[in-house]
2 protein chains.
Amino acid sequence: MKTLRILAIDDHEMTMLGYKFILENIEFEGYDIIVDTANTYEAGKKLIEDSVNSFKYDILLLDVQLFAPNENQPHSGEDLGILARKLVPQSKIAFMSSFSDNFRINSILKSVDPDGYLVKTDIDPKTLEDAVKTIVLNPPYYSSKALTAIRKKMANDIELDEKDKQILYHLSMGTKNKDLEKHIRLSPSSIENRKRHLKSLFGTENENDMALIIAAKNRGFI
Amino acid sequence: MKTLRILAIDDHEMTMLGYKFILENIEFEGYDIIVDTANTYEAGKKLIEDSVNSFKYDILLLDVQLFAPNENQPHSGEDLGILARKLVPQSKIAFMSSFSDNFRINSILKSVDPDGYLVKTDIDPKTLEDAVKTIVLNPPYYSSKALTAIRKKMANDIELDEKDKQILYHLSMGTKNKDLEKHIRLSPSSIENRKRHLKSLFGTENENDMALIIAAKNRGFI
DNA sequence: GGAAACCCCCAGAATTTTTAAGGATTTTCT
DNA sequence: AGAAAATCCTTAAAAATTCTGGGGGTTTCC
């Protein structure tokens, strides 16, 4: 009987216990599943670092948003994922996220290229079991809402460069027009040019920025 | 008992009978599944056109390569998909393909944005059942090998414009360097510039075109 | 050996992007 | 309501990028 080691990191302790219970009771031919847990960024980081010189985890299950203890700065699970890819490239990485935010999904798929991505409202015992088996045997596993976001992205023929993406992102965060230049290395008039260009790409000519953001959201860019 | 109508179009008659048998025996709560079949492009097209004014199919299951009778020109299922999207937008569309060719998958995901994509070697009775249920209830469904191609694409941060893609595509098809200019509206020296640029993007500087193609394939572009 | 194909580099031309400046319109705030 | 601020649009010159044609070197294949 081989052992399948899973490390789950989520700052809600009770939900994590739920995962642990479900995961450890999965029937998986030839495998005995053991779940370690951590509920802070720091604790998780430590366990991953420790694993480098001992038993590697087969799967790291990372919550996208994590709070450090006694802080109100959220650490992103994304950072932890990037770190883990370097330290323990053998371990498969899967993310769990509360929101099916296109921008976040796209970003994580690029930066970490995880073996799984689960939107939390998609998770139930059955999908969790499917996910674990798929991630081990035949990755990747993307849950239904994640797939919807991925589909939007793949169906798009609009190509945006980094600056365009930054403009869209900051606009969507409510950044005022005149403050954009502080975030993006371009002159105000260039930003306007690009905004106009973006509006024509998304078919929202002569409409305001809100229309642009909505169109970009629908197409999966934000 | 509602009826779920599926139209399967594949030029190999026997495999299609296999699909029909499996599909019509699926247990799907509240649905009675009926499968129509066609084994040529023309026959399929006709059935789709006829369906406009009668019962719409719930799912169109299209083989990517189709041969017309008495011709040796293959018609692409992609064309049929594009047509069907216009004529019967209510019908869900799923593709079946023999090869898990990244270029083809990317192209179809853009042009048709199908509700399902199945690589044939991934298909067995269970996945076919999963696929149908997912496509009806909660699309999209992508089979394992399709997901692998999609994953490669999503994980990439290299952005190529149309001309770059054309160059890669034609190179991968074995087009000779000096014939590239016949396919791509660029001067020979521009093509060289772009090829050099591509090689640096893919980290194959000072290597030959083969190395470039292999790198591009691995990253999911071709 | 010789022709054809491939690969590399250069410099001017052509194109696209950026920038600054000026003005019109709308929004916000008092 | 009126002033100030922010947004939106246009234009024209500067800057950056891309395209192109040419020269020349190396490899490949008759």
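Below, chains carry the letters A, B, ... as their sequence lines are ordered, and counting in each starts from 1.
- OP1 and OP2 of D/dA6 both lie 4.0 Å or more from every side-chain N or O belonging to A/Lys176.
- The pair B/Lys45-B/Asp50 fails the salt-bridge criterion, with no side-chain N (NZ, NE, NH1 or NH2) lying under 4.0 Å from an Asp/Glu carboxylate O.
- For the residue pair A/Leu60 and A/Ala84, the shortest heavy atom distance occurs at CD1-CB, 3.5 Å.
- Classified by interplanar angle (parallel below 30°, tilted 30° to 60°, perpendicular above 60°), the ring pair A/Phe221/A/Phe202 is perpendicular.
- For the pair A/Asn206 and D/dC9, the criterion of a side-chain N or O lying under 4.0 Å from OP1 or OP2 is met.
- For A/Lys178 and D/dA6, the NZ to P distance is 4 Å, given to the nearest whole Å.
- Reading DNA chain C from its 5' end, the first and the last nucleotide to sit under 4.0 Å from a heavy atom of chain B are C/dA5 to C/dC9.
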*Would B/Asp164 and B/Lys195 count as a salt bridge (charged side-chain N to carboxylate O under 4.0 Å, His left out) if you check the C-alpha gap in whole Å, the side-chain angles of each, and the deciding distance to 0.1 Å?*
CA-CA 8 Å; B/Asp164 286 332; B/Lys195 256 173 47 183; over 6 Å; no

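- Side-chain atoms of A/Ser51 never come within 3.5 Å of backbone atoms of A/Val88 as a donor-acceptor pair (strictly under, hydrogens ignored).
- Judged by distance alone, with hydrogens and angles left aside, the side-chain atoms of B/Asn106 form a donor-acceptor pair with the main-chain N or O of B/Gly220 at under 3.5 Å.
- For D/dC9, one of the phosphate oxygens OP1 or OP2 lies less than 4.0 angstrom from a side-chain nitrogen or oxygen of A/Arg196.
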_Within the 4.0 Å limit for protein heavy atoms, which parts of nucleotides 14-22 of chain D are touched? Write it as a string from 5' to 3', B for base, S for sugar-phosphate only, - for none._
-----BBB-

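- When heavy atoms are screened at a 4.0 angstrom cut-off, A/Asp179 is found touching no nucleic acid atom at all.
- Judged purely by distance below 3.5 Å, without hydrogens or angles, the side chains of B/Glu78 and B/Ser111 pair a donor atom with an acceptor atom.
- When the shell of 6.0 Å around NZ of B/Lys110 is examined, it contains more than 12 heavy atoms from other residues, nucleotides or ligands.
- In terms of heavy atoms, A/Ile9 sits closest to A/Gly44 at CD1-CA, 3.5 Å.
- Atom CG in A/Leu198 sits roughly 13 Å away from atom P in D/dC9 (whole-Å rounding).
- Atom CG of A/Asn208 and atom P of D/dT7 are 12 Å apart (whole Å).
- Note on A/Arg85 versus A/Asp115: salt bridge recorded, some NZ/NE/NH1/NH2 to OD/OE distance being below 4.0 Å.
- Within 6.0 Å of CD on B/Glu13 lie no more than 12 heavy atoms contributed by other residues, nucleotides or ligands.
- In the helix from C/dG1-D/dC30 to C/dT30-D/dA1, the end axes, each obtained as the rotation axis mapping the C1' atoms of four pairs onto the next four within a five-pair block, lie 40° apart to the nearest 10 degrees.
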